[in-house]
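Right, one structure below, let's go through it.
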Amino acid sequence: MDLTVSESKKRREMELQHFSHHHPLLFIQHQSVTDKAAQCFGCEELIDGPSYGCNDCKYYLHKRCAELQLTPHLNHPFHPQHLLTLLPKSPYDGRWGCDFCQRSSSGFVYHCDPCNFDLHINCALLQSSIAPNFPTSLHQHPLFFIQDHNDEWEGFVYSCSFCKIELTLDDFFSPQTITNANHEHPWTLLSRQRSFVCDFCGATGDCSHYICAICDLLVHKNCISLPRNILITRHHHVISHSYSLPLQDELCRICYEEVDTRYGSYHCNASDCDYIVHVHCATDKAVWDGKSIPEDYDERSMEALDESINWITDVVEEMSFGEITVAVEIKHAYHDHNLRLTFSGEMNDDGQCDGCMRTISTPFYSCEQCKFFLHKECAELPRNKRHPFHKHLLTLTNSNAVLFVCSACQSLHHGFNYKCNDGNCMSFFECDIRCILLSDTLEHPSHEHSLFLVHNFSANCNACRRKSDPWNMAYRCTKRCDFTLDLECATLPLTAWYKHDRHPLTLTCFDDFDPSQHYCDLCEYERDPNDWFYYCAECDNSLHSRCALGDLPFLKIRSNLDKRLFHKHPHPFTIMKNIWDCPPCKFCGEVCNGQALQCKESECNFSVHWNCSYHLR
């Protein structure tokens with residue numbers, strides 16, 4: 001008993017209850033808790049030495065970071081107008097950087113909520129005047145922090161009133177020489193402010209920079225450590241960094257602006273591939289996971305690992321058509337019964353693929369015992385996939401009738417989705433199958449030129465005219481026309497069905513009809529001629545896109561929604577598709593055309609639009 005008490009006391013002495021984590025942190029003398037190096041959640045540097053950690057949550061702090069005596073509230077000269085509050089991480093999840101050093105971070109911050117102001121913990125510990133101990137090797141006069149706004153820089157700088165120069169935080173902490181394995185000679189700091197073009201990235205600069213006098217190269221400090229080989233989401237081969245390529249200028253395959261090949265860029269070494277991108281495009285956090293690829297990396301094994309294995313667990317029966325062999329009966333991991341292949345035939349227009357939730361079309365697999373359908377291409381989707389929408393490997397999962405919001409198009413979905421399982425990922429990313437079938441370029445009938453994918457881009461969509469949030473993705477014109485499509489509009493189906501029309505209606509992007517014809521034939525309300533709509537030229541039927549597709553086009557018809565979504569109602573709701581006998585909505589009184597929610601309990605028996613269901617949440 002004494003031994004148990006002693007061990008319990010010793011354990012308590014080795015534990016720390018830290019404000020940044022909900023579990024106690026255990027002291028670790030040597031960081032060996034995982035196979036790979038752990039990152040400190042306080043300062044974001046790699047841990048090498050004593051630390052505190054929660055192994056269950058994979059949460060670790062340097063001993064020095066965990067034991068910092070940090071006040072929960074701080075008056076700071078960098079933001080004197082308000083008190084700053086200590087937080088485990090920025091409420092903006094690193095989408096915006098520290099207002100002092102401009103770097104993004106997910107570590108400790110001091111935050112001002114009214115001003116949306118963040119100060120990294122390292123910046124918060126700096127002093128407002130560093131005149132007494134500033135390194136004289138960098139500058140001979142006293143320097144003071146000021147907030148500066150000009151054409152090259154917006155933020156805090158070190159200013160010398162005698163010399164009329166300003167140095168950034170990087171200039172202050174830059175060593176006199178840097179050696180790096182990617183270059184055979186040492187780099188020497190030039191602290192003089194002058195304009196230059198970096199030989200490694202091609203971007204201009206006027207801050208302190210480094211020179212290799214032997215090779216006659218001028219580079220940014222951060223460009224010295226550029227990795228030789230990387231793998232990005234936008235290309236299936238490894239790409240390599242080079243400077244001064246003997247090539248004509250090419251278009252960057254990410255931003256579609258010219259690459260000046262006199263300076264550094266990333267390019268593909270494959271003999272039949274001419275892929276080239278700017279350095280700043282290739283190393284953008286949205287397309288690169290920050291990992292360097294070793295020289296002996298075998299990318300053939302990567303392709304085999306990621307793309308060739310699907311969730312078909314057994315082929316029960318095959319059929320040969322000449323030299324082609326097709327699996328006509330399979331077992332699939334996401335259904336309990338065998339699935340049989342259908343090649344052709346008429347389909348009910350309310351049949352849905354349980355993978356992508358689109359209307360079912362041939363060829364498809366189906367279960368003879370259940371109303372379960374899978375397009376052949378959905379049944380053969382790879383278990384793991386790299387995609388331009390996200391920098392980490394994505395894994396195919398089944399939502400099992402649980403609602404999820406697609407991170408790409410922001411639509412509600414049932415069915416299969418690709419999800420990021422990387423433990424260090426800052427975003428909870430999951431993508432529906434319609435979006436995962438897109439690429440980084442898009443040919444769309446609404447525009448004459450090719451479109452290319454952009455991340456973290458805010459602009460008005462030419463289809464719906466809504467302005468997207470700054471962290472969303474969109475497609476832009478490669479020829480720099482003022483044309484943008486958000487992901488929701490880019491994935492609109494090109495055809496839709498209307499109950500009073502025997503032909504499919506076509507997605508129509510331009511409306512030059514007589515103004516008297518600007519009405520929807522389903523809801524009979526006026527149509528805005530600037531909005532896309534669905535149209536049948538033979539029958540002259542026009543529908544709003546929302547009327548043609550419904551409020552919930554990608555949810556499984558006749559499935560039940562978890563009643564916890566509607567805590568003001570005691571029963572679960574069923575998703576129904578109303579075509580002919582359309583009941584009125586309980587709240588707005590309008591008829592429920594298309595998809596709606598229905599409570600089938602005898603004491604209720606009412607329908608409600610999804611957009612009106614907020615009354616019940």
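This is a predicted model, so every value here is computed, not measured.
In this structure, E430 CD and N417 CG are separated by 5.0 Å, a value rounded to the nearest 0.5 Å. In this structure, D432 CG and R434 CZ are separated by 4.5 Å, a value rounded to the nearest 0.5 Å. Atom-to-atom distance recorded for D199:CG and Y243:OH is 8.5 Å, nearest 0.5 angstrom. Here the straight-line distance linking atom NE2 of H280 with atom SG of C198 works out to 12.0 Å at 0.5 Å rounding.
With sequence neighbours excluded, the residues that form a side chain to side chain contact (heavy atoms under 4.5 Å, CB included) with A270 are H237, C268, D272, C273. Take L83 and apply the side chain to side chain contact (heavy atoms under 4.5 Å, CB included) test, not counting sequence neighbours, and it matches H73, N75. By the side chain to side chain contact (heavy atoms under 4.5 Å, CB included) test, P186 is found to be paired with T179, residues two or more places apart in sequence or in another chain being considered.
Not less than 6.0 angstrom separates the ring centroid of H447 from the ring centroid of Y475.
A heavy-atom distance below 4.5 Å is not found between the side chains of Q410 and D486. Looking only at side-chain heavy atoms (C-beta outward), Y266 and P227 come within less than 4.5 Å of each other. Residues N460 and T484 are not in side-chain contact: their nearest non-hydrogen atoms beyond the backbone lie 4.5 Å or more apart. T491 is listed as a side-chain neighbour of L438, based on a closest heavy-atom distance under 4.5 Å. Contact check for C425 versus H390: side-chain heavy atoms found under the 4.5 Å cut-off. The side-chain heavy atoms of S242 and H267, taken from C-beta on, include a pair separated by under 4.5 Å.
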* Check against side-chain contact (heavy atoms from CB on, under 4.5 Å), I232 and I239 -> CA-CA 8 Å; I232 62 174; I239 57 175; 3.8 Å; yes

* Go through the steps for I276 and T261 under the test side-chain contact (heavy atoms from CB on, under 4.5 Å), then give the verdict. => CA-CA 10 Å; I276 187 169; T261 54; 4.1 Å; yes

* To do: Check the pair H209 / F196 against side-chain contact (heavy atoms from CB on, under 4.5 Å), numbers first and verdict last.
  => CA-CA 9 Å; H209 46 284; F196 74 102; 3.4 Å; yes

* To do: Apply salt bridge (charged side-chain N to carboxylate O under 4.0 Å, His left out) to the pair E257 and R480, showing each step before the final yes or no.
  => CA-CA 9 Å; E257 293 187 352; R480 287 301 185 270; 3.2 Å; yes

* Asked: Would Y418 and N384 count as a side chain to side chain donor-acceptor pair (under 3.5 Å) if you check the C-alpha gap in whole Å, the side-chain angles of each, and the deciding distance to 0.1 Å?
  -> CA-CA 8 Å; Y418 276 93; N384 298 301; over 6 Å; no

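Under the 30°/60° scheme for interplanar angles, the aromatic rings of F19 and F108 are found to be tilted. Ring-plane geometry between H185 and H183 is classed as perpendicular, the angle between the planes exceeding 60 degrees on a 0 to 90 degree scale with a lower cut at 30.
The main-chain N or O of A203 is never found under 3.5 Å from a side-chain atom of H278 such that the two would form a donor-acceptor pair. No donor-acceptor distance shorter than 3.5 angstrom exists from the side chain of H220 to the backbone of N222, with no hydrogens or angles considered. Here the side chain of T441 pairs no donor or acceptor atom with the backbone of F452 at under 3.5 angstrom. A donor-acceptor pair under 3.5 Å is formed between the side chain of K391 and the backbone N or O of K285. In this structure a side-chain-to-backbone donor-acceptor pair under 3.5 Å is missing from H449 to C477. With S292 contributing its side chain and R228 its backbone, the two residues share no donor-acceptor pair below 3.5 Å. Under the 3.5 Å distance criterion, the side-chain polar atoms of R234 are matched with a main-chain donor or acceptor of L453.
When each of D118, N116, T85 is tested with H111 by the rule side-chain hydrogen bond (donor to acceptor under 3.5 Å, both in side chains), just one qualifies, namely D118. The side-chain hydrogen bond (donor to acceptor under 3.5 Å, both in side chains) test with Y52 is passed by exactly one of H21, H18, H62, E67: E67.
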